[in-house]
Amino acid sequence: MTSQFQPPYVPLAGLDQSLKTQGFALISAADVQQWLSATPDELQALHSGWNDLPADGYLKDGGHYRRRRHSCFEVRGEQVQQVPHRAHWQPLEYNALHGGMQRLFEPMDPALVARPVWPRLLGRVGAVVSALRGEQPWFVEAHTFRIDTTDGIGRPTPEGAHRDGVDLVAVFMLERHLIKGGESRVFEANGPAGQRFTLLEPWSLLLLDDQRVIHESTPIQPLQADGFGWRDTLVLTYRAGGFQGD
C-alpha cells in the first residue's frame, strides 16, 4: 500500500452531492481558494499562527508529538461569533483514549481570528453542513494542530479510527514538512466500504459527514532518520443543538 494515494477530488459543483452520496468530499487547494474568495497571501497569513502552538499536555499515550490551540464559535448563516473560552470535551463513546476529560487548551491567537478570511471560512463550511442537515445555528470547535516527529513518530489520531459526535468535520491540510505517512482513511460507519488517500496540497480540504463515516490518519515519520518534520492541519467540527458537554 502506497502512502501517496492521490485524493479523489470532486469539483465544487459536486461537493454537496458527494457528501450526500458517499459521506465525504475532497476539494483541491485551487478550488478551496476560489470557494473562500481568498488570496494565497491571506491563507499564508492565517497559517502563520501554527508557528506558535503550545504542547498538548493531555496525551495519555505519553507522547510529545502534538501541539494545538482550540477555540469555539457560533455560526448562524453568515454571522460568526466567538464564544467564551471553554474546555474541549468528548464522551468515551467517540474517543476511547481521551473521552470524558475536560481538556482546556490555549485559545487561538486573537489576531488570527480577527483576519477577514477567518469568519468567511467558518461561514462557507457552515453553508455546506446546512445544505446537508438544514439551515440552523452551528456550534463550531476549531482546532489548530501541529503533529511533529519529536518522538520519532507522530500520531494525528492517537485514538484510532473514530467519529467525533458532531454533524460535520472539516480537515484543512496546511503543510507537510519533511515527513512520510499521514495517510487519511475514511470508512463507512455501518458498512465495509472505505477509501484511503494522502492529503498533499496546502489548503486542500476533506469534509466528512460524521454521522455516516469514521476516519483516521496514519502516523507520520521524518523523511530522514536524523531529520525532523511536521504536519499542520486545521480541524473544524460543526454540531447542531450545542457544544458537546453542555
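Note that the numbering runs from 1 along the sequence shown for the chain.
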* Please check if the side chain of E216 supplies one atom and the backbone of T157 the other of a donor-acceptor pair under 3.5 Å. => no
* Heavy-atom side-chain contact between P202 and L174 under 4.5 Å -> no
* Flag side-chain contact, heavy atom, 4.5 Å: Q82 against C72 -> no
* Which residue pairs satisfy the salt bridge (charged side-chain N to carboxylate O under 4.0 Å, His left out) criterion with at least one member in residues 15-42, sequence neighbours excluded? -> E42-R120
* Does anything in residues 7-40 pair up under ring-ring contact (aromatic ring centres under 6.0 Å, His included), and if so which pairs, sequence neighbours excluded? -> none
* Hey, mind stepping through L236 and Y238 against side chain to side chain contact (heavy atoms under 4.5 Å, CB included) and telling me if it holds? -> CA-CA 7 Å; L236 307 174; Y238 284 65; 3.8 Å; yes
* Structure fact -> Taken to the nearest 0.5 Å, the spacing of L26 CG from S204 OG works out to 8.0 Å
* Qualifying residues under side chain to side chain contact (heavy atoms under 4.5 Å, CB included), relative to S48, sequence neighbours excluded -> none
* Does R185 reach the side chain of S217, with side-chain heavy atoms less than 4.5 Å apart? -> no
* Worked verdict on S18 versus Q22 for side chain to side chain donor-acceptor pair (under 3.5 Å) -> CA-CA 6 Å; S18 180; Q22 63 181 10; 2.9 Å; yes
* To do: For L15 and Q17, run side chain to side chain contact (heavy atoms under 4.5 Å, CB included): C-alpha distance rounded to whole Å, both residues' side-chain angles, the deciding distance at 0.1 Å, then the answer.
  => CA-CA 6 Å; L15 188 164; Q17 187 62 29; over 6 Å; no
* Would you check, one step at a time, whether the test side chain to side chain contact (heavy atoms under 4.5 Å, CB included) holds for R176 with L200? => CA-CA 7 Å; R176 292 171 56 92; L200 299 171; 3.8 Å; yes
* For the pair T149 (side chain) and Q221 (backbone), establish whether a donor and an acceptor sit closer than 3.5 Å, ignoring hydrogens and angles. => no
* Side-chain heavy atoms of L206 within contact of L208, under 4.5 Å -> yes
* **Minimum-distance pair of heavy atoms, taken over all atoms of V10 and A25** => CG2-CB, 4.2 Å
* Is any side-chain heavy atom of V140 less than 4.5 Å from a side-chain heavy atom of T237? -> no
* Asked: Do any pairs count as a salt bridge (charged side-chain N to carboxylate O under 4.0 Å, His left out) and have a residue in residues 224-240, sequence neighbours left out, and if so which ones?
  -> R146-D232
* Structure fact -> Residues G182 and T198: closest non-hydrogen pair is O-CG2, 4.2 Å
* Heavy atoms from other residues, nucleotides or ligands near CD of E135 exceed 12 (cutoff 6.0 Å) -> no
* To do: Among Ile, Leu, Val, Met, Phe, Trp and Tyr joined by side-chain contacts under 4.5 Å, find the other residues sharing a cluster with F228 and list them by chain and number.
  => W230
* What closest approach, in Å, do V75 and G123 show between heavy atoms, and which atom pair accounts for it? -> CG1-CA, 4.3 Å
* To do: Consider only side-chain heavy atoms of I, L, V, M, F, W and Y, link residues closer than 4.5 Å, and tell whether L121 and L12 are in one cluster.
  => yes
* To do: Sequence neighbours left out, what passes side chain to side chain contact (heavy atoms under 4.5 Å, CB included) with P219? Give chain and number order.
  => I153, R155
* Spell out, yes or no, whether L205 and L132 are grouped together once hydrophobic residues are joined by side-chain heavy atoms under 4.5 Å, including indirect joins. => yes
* To do: Provide the closest heavy-atom pair for D209 versus D167 in the form atom of the first, atom of the second, distance.
  => OD1-O, 3.7 Å
* Separation of W203 CH2 from Q44 CD (nearest 0.5 Å) -> 9.5 Å
* Do the non-hydrogen side-chain atoms of I214 and V186 ever get within less than 4.5 Å of each other? -> no
* Structure fact -> To the nearest 0.5 Å, atom OG of S184 lies from atom NE2 of H215 at 9.0 Å
* Less than 4.5 Å apart, any side-chain heavy atom of Q33 and any of P40? -> yes
* Asked: Got a second to check how far E201's CD is from E175's CD, nearest 0.5 Å?
  -> 14.5 Å
* Structure fact -> Correct closest heavy-atom pair for F187 and G194 would be CD2-CA, 3.6 Å
* Under a 4.5 Å side-chain heavy-atom rule over Ile, Leu, Val, Met, Phe, Trp and Tyr, are L112 and V171 clustered together? -> no
* To do: Determine, step by step, whether L234 and M173 satisfy the side chain to side chain contact (heavy atoms under 4.5 Å, CB included) criterion, reporting the C-alpha distance in whole Å, the side-chain angles of both residues, the deciding distance to 0.1 Å, and the verdict.
  => CA-CA 7 Å; L234 166 65; M173 167 55 62; over 6 Å; no
* Asked: Is Q211 atom CD crowded by more than 12 heavy atoms from other residues, nucleotides or ligands, each under 6.0 Å away?
  -> yes
* For F73, which residues count as a ring pair (Phe, Tyr, Trp, His ring centres under 6.0 Å) partner, sequence neighbours excluded? -> W118
* To do: With sequence neighbours excluded, tell me which residues meet side chain to side chain contact (heavy atoms under 4.5 Å, CB included) with A55.
  => R67
* Asked: In terms of hydrophobic clustering (I, L, V, M, F, W, Y; side-chain heavy atoms under 4.5 Å; direct or indirect links), are M108 and L122 co-clustered?
  -> yes
* Hey, are the side chains of L168 and L19 touching, using non-hydrogen atoms and a 4.5 Å cut-off? -> yes
* To do: Hey, could you give me each pair passing salt bridge (charged side-chain N to carboxylate O under 4.0 Å, His left out) that has a residue in residues 77-88? Not counting sequence neighbours.
  => R86-D246
* Asked: Charged N to carboxylate O under 4.0 angstrom, R66 versus D151?
  -> no
* Just by modelled atom types, is the D164 backbone N or O under 3.5 Å from a matching donor or acceptor in the D210 side chain? -> yes
* **Non-neighbouring partners of H64 that pass ring pair (Phe, Tyr, Trp, His ring centres under 6.0 Å), sequence neighbours left out** => none
* To do: Measure the NE2-CG distance between H177 and D148 for me, rounded to the nearest 0.5 Å.
  => 11.0 Å
* Report the residues that fulfil side chain to side chain contact (heavy atoms under 4.5 Å, CB included) with D52, sequence neighbours left out, ordered by chain and then residue number. => R69
* To do: Scan for ring-ring contact (aromatic ring centres under 6.0 Å, His included) pairs involving residues 119-161, sequence neighbours excluded, and state none if there are none.
  => H70-H143, H88-H143, F139-F243, H143-F145
* To do: Check the hydrophobic clustering (I, L, V, M, F, W, Y; side-chain heavy atoms under 4.5 Å; chains of links allowed) and say if W50 and F105 are grouped together.
  => no
* Asked: Shortest non-hydrogen contact from L53 to R68?
  -> CB-N, 3.9 Å
